[in-house]
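Below is one structure, written out as structure tokens; the observations come after it.
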Amino acid sequence: MTLRTASPTAADPFGTHLRHWRQHRRLSQLDLAQEAEVSTRHLSYVETGRAAPSREMVLRLAERLDVPLRERNALLVAAGFAPMYRQRSLDDPALGPARRAVDLVLKGHEPFPALAVDRNWNLVAHNAVVPLLMAGASAELLKPPLNVLRLSLHPDGLAPRIANLGQWRAHLLERLQQQIAATGDATLTALHDELAAYPVGLTGHDAPAVGGELAGVVVPFQLVTPNGLLSFISTTTIFGTPVDVTLQELAVESFFPADAQTSVALSGLAARLG
């Protein structure tokens, strides 16, 4: 079950932000004090507003609480300090090397599909194969910002063509819950509730859960297409040590063929693309 706590606002004091993250990580004041190597009394004073933290203290607590960079900026501002981590569009010239690296990964993965998404699963970039798999989805769902989870599970999206819809839906919702637990993002919580409310059993092909060699290892994505049933396994690539909010929140999803039939079909599609 996802732990849900009300997210503090920009107007809330530092202590409110700190208490939110401490409780979100299920830590007592004693636990956090020991992790951050400060006295429990001082931590209590900071949390209640009776003492002001230093910039170093804010960053140390954020590190121990594994707070994402975006929220670390919020902690710094709430404590009266300037934000530390830049947040720029991936099209910003300063992020040119990162954008080129992403484009290289996406292009290099052809003839197999690969795409890049932001923190909220909105599509940022993709290679030439991805639009072929999205064909037939509602034009409304394809408008930017295109949310790939909504596109996948919506009855007017890919759901009617996902052969193992029940299995894939459970996988995506579990993955989203894990992300919510890590970030405390209210937007992701709302997205999870929306996706979970979509009708189940009215769409898709109700194929049995995939077994064989892949059972217990990965959850395949099985899509019915004019070229037959395509089966994929996927991997996620993230930047290892980002100092920019945008880069920390960027993920590249690369799909690999799970069987020979899929590999042949995609190679044929790529040949037609030229």
What I'd like to find out is whether the side chain of Val58 reaches to under 4.5 Å of the side chain of Phe81, using heavy atoms alone. yes
Is it the case that the side chain of Asp118 and the backbone of Asn120 share a donor-acceptor pair, with hydrogens and angles ignored and the cut-off at 3.5 Å? yes
Gln261: partners by side-chain hydrogen bond (donor to acceptor under 3.5 Å, both in side chains), with sequence neighbours left out: none
Just to verify, what does Arg119 make a salt bridge (charged side-chain N to carboxylate O under 4.0 Å, His left out) with, not counting sequence neighbours? Glu71, Asp185, Glu249
Would you say the side-chain atoms of Asp259 pair up with the backbone N or O of Thr262, donor to acceptor, closer than 3.5 Å? yes
Minimum heavy-atom distance between Leu75 and Leu18, given as atom pair plus value: CD2-N, 4.2 Å
Look at the side chain of Asp31 and the backbone N and O of Ser28, then say whether any donor-acceptor pair between them is shorter than 3.5 Å. yes
Can any side-chain N or O of Arg161 pair as donor or acceptor with the backbone N or O of Leu223 at less than 3.5 Å? no
Minimal non-hydrogen separation, Tyr85 against Asn73, with atom names: O-ND2, 2.8 Å
Would you say Arg70's side chain and Gln248's backbone share a donor-acceptor pair under 3.5 angstrom? no
Is there a path from Ile180 to Trp21 through hydrophobic residues (I, L, V, M, F, W, Y) whose side chains come within less than 4.5 Å of each other? no
To the closest 0.5 Å, what do you measure between CG (Leu229) and CG (Asn227)? 11.5 Å
Tell me, with the steps shown, if Leu43 and Leu30 meet side chain to side chain contact (heavy atoms under 4.5 Å, CB included). CA-CA 9 Å; Leu43 181 64; Leu30 176 60; over 6 Å; no
Does Arg99 reach the main-chain N or O of Asp91 with its side chain, forming a donor-acceptor pair under 3.5 Å? no
Could you pull out the closest heavy-atom pair between Leu123 and Val117, with the gap in Å? CA-CG1, 4.4 Å
Taken in chain and number order and not counting sequence neighbours, the residues that satisfy salt bridge (charged side-chain N to carboxylate O under 4.0 Å, His left out) with Arg22 are Glu47
Please step through side chain to side chain contact (heavy atoms under 4.5 Å, CB included) for the pair Gln179 and Leu176, ending with a clear verdict. CA-CA 5 Å; Gln179 190 176 355; Leu176 192 52; 4.0 Å; yes
Which residue pairs satisfy the salt bridge (charged side-chain N to carboxylate O under 4.0 Å, His left out) criterion with at least one member in residues 79-89, sequence neighbours excluded? Arg88-Asp244
Mind checking whether Ser44 and Arg41 have side chains closer than 4.5 Å, heavy atoms only? no
Indicate yes or no for a side-chain donor-acceptor contact from Arg19 to the backbone of Thr48 under 3.5 Å, with no hydrogens or angles considered. no
Within the distance-only criterion (no hydrogens, no angle test), does the side chain of Asn127 pair as donor or acceptor with the backbone N or O of Lys107 below 3.5 angstrom? no
Nearest non-hydrogen partners of His154 and Tyr198, listed with the distance: CD2-OH, 3.4 Å
Determine whether a donor-acceptor pair (N or O, by modelled atom type, separation under 3.5 Å) exists between the side chain of His126 and the backbone of Ala116. no
Under a 4.5 Å side-chain heavy-atom rule over Ile, Leu, Val, Met, Phe, Trp and Tyr, are Leu115 and Leu191 clustered together? yes
Residue pairs fulfilling ring-ring contact (aromatic ring centres under 6.0 Å, His included) with at least one residue in residues 92-115, sequence neighbours excluded: His109-Phe112, His109-Phe256
For residues 128-146, tabulate all N or O donor-acceptor pairs below 3.5 Å that involve a side-chain atom, not counting sequence neighbours.
unit_1: Ser138; atom_1: OG; unit_2: Glu140; atom_2: N; d: 3.2
unit_1: Glu140; atom_1: OE1; unit_2: Lys143; atom_2: NZ; d: 3.1

Between Gln222 and Ile162 (side chain of the first, backbone of the second, donor and acceptor by atom type, cut-off under 3.5 Å), is there such a pair? no
Interatomic distance, Thr183 atom OG1 to Gln178 atom CD [nearest 0.5 angstrom]: 12.0 Å
Distance-only criterion, 3.5 Å: show the donor-acceptor pairs between side-chain atoms of residues 32-40 and protein atoms not counting sequence neighbours.
unit_1: Ser39; atom_1: OG; unit_2: His42; atom_2: N; d: 2.9

Other members of the hydrophobic cluster containing Leu247, with the 4.5 Å side-chain heavy-atom rule, please. Leu90, Leu95, Val102, Val105, Leu106, Val124, Phe239, Leu250, Val252
What ring-ring contact (aromatic ring centres under 6.0 Å, His included) pairs are there with at least one residue in residues 157-180, not counting sequence neighbours? Trp168-His171, Trp168-Phe221
Checking Asp66 now: which residues fulfil salt bridge (charged side-chain N to carboxylate O under 4.0 Å, His left out) with it, not counting sequence neighbours? none
Between Asp92 and Ser89, do the side chains contain a donor N or O and an acceptor N or O under 3.5 Å apart? no
Enumerate the salt bridge (charged side-chain N to carboxylate O under 4.0 Å, His left out) contacts for residues 218-237, please, sequence neighbours excluded, ordered by first and then second residue. none
Quick one, Leu172 with Leu195, criterion side chain to side chain contact (heavy atoms under 4.5 Å, CB included). Give me CA distance, side-chain angles, the key distance, then yes/no. CA-CA 9 Å; Leu172 291 185; Leu195 301 181; 5.9 Å; no
side-chain hydrogen bond (donor to acceptor under 3.5 Å, both in side chains) with Thr9: which residues, sequence neighbours excluded? Asp12
Please assess Ser54 against Met57 for the test side chain to side chain contact (heavy atoms under 4.5 Å, CB included), listing each intermediate value before the final yes or no. CA-CA 5 Å; Ser54 65; Met57 173 68 73; 3.4 Å; yes
Arg50 NZ/CZ over Tyr45 ring centroid, <6.0 Å and within 45° of normal: yes
Hey, any chance Val245 and Val77 share a hydrophobic cluster, counting ILVMFWY side chains that come within less than 4.5 Å of each other, even indirectly? no
Of all heavy-atom pairs between His17 and Ala78, which one has the smallest distance, and what is that distance? CD2-CB, 3.7 Å
Quick check for you: to the nearest 0.5 Å, what is the distance between Leu158 atom CG and Leu153 atom CG? 9.0 Å
Does the side chain of Pro155 come within less than 4.5 Å of Pro199's, by heavy atoms? yes
Validation row: Met84, Arg55 side chains within 4.5 angstrom (heavy atoms): yes
Check the pair Arg175 / Thr236 against side-chain hydrogen bond (donor to acceptor under 3.5 Å, both in side chains), numbers first and verdict last. CA-CA 12 Å; Arg175 186 171 174 186; Thr236 303; 2.7 Å; yes
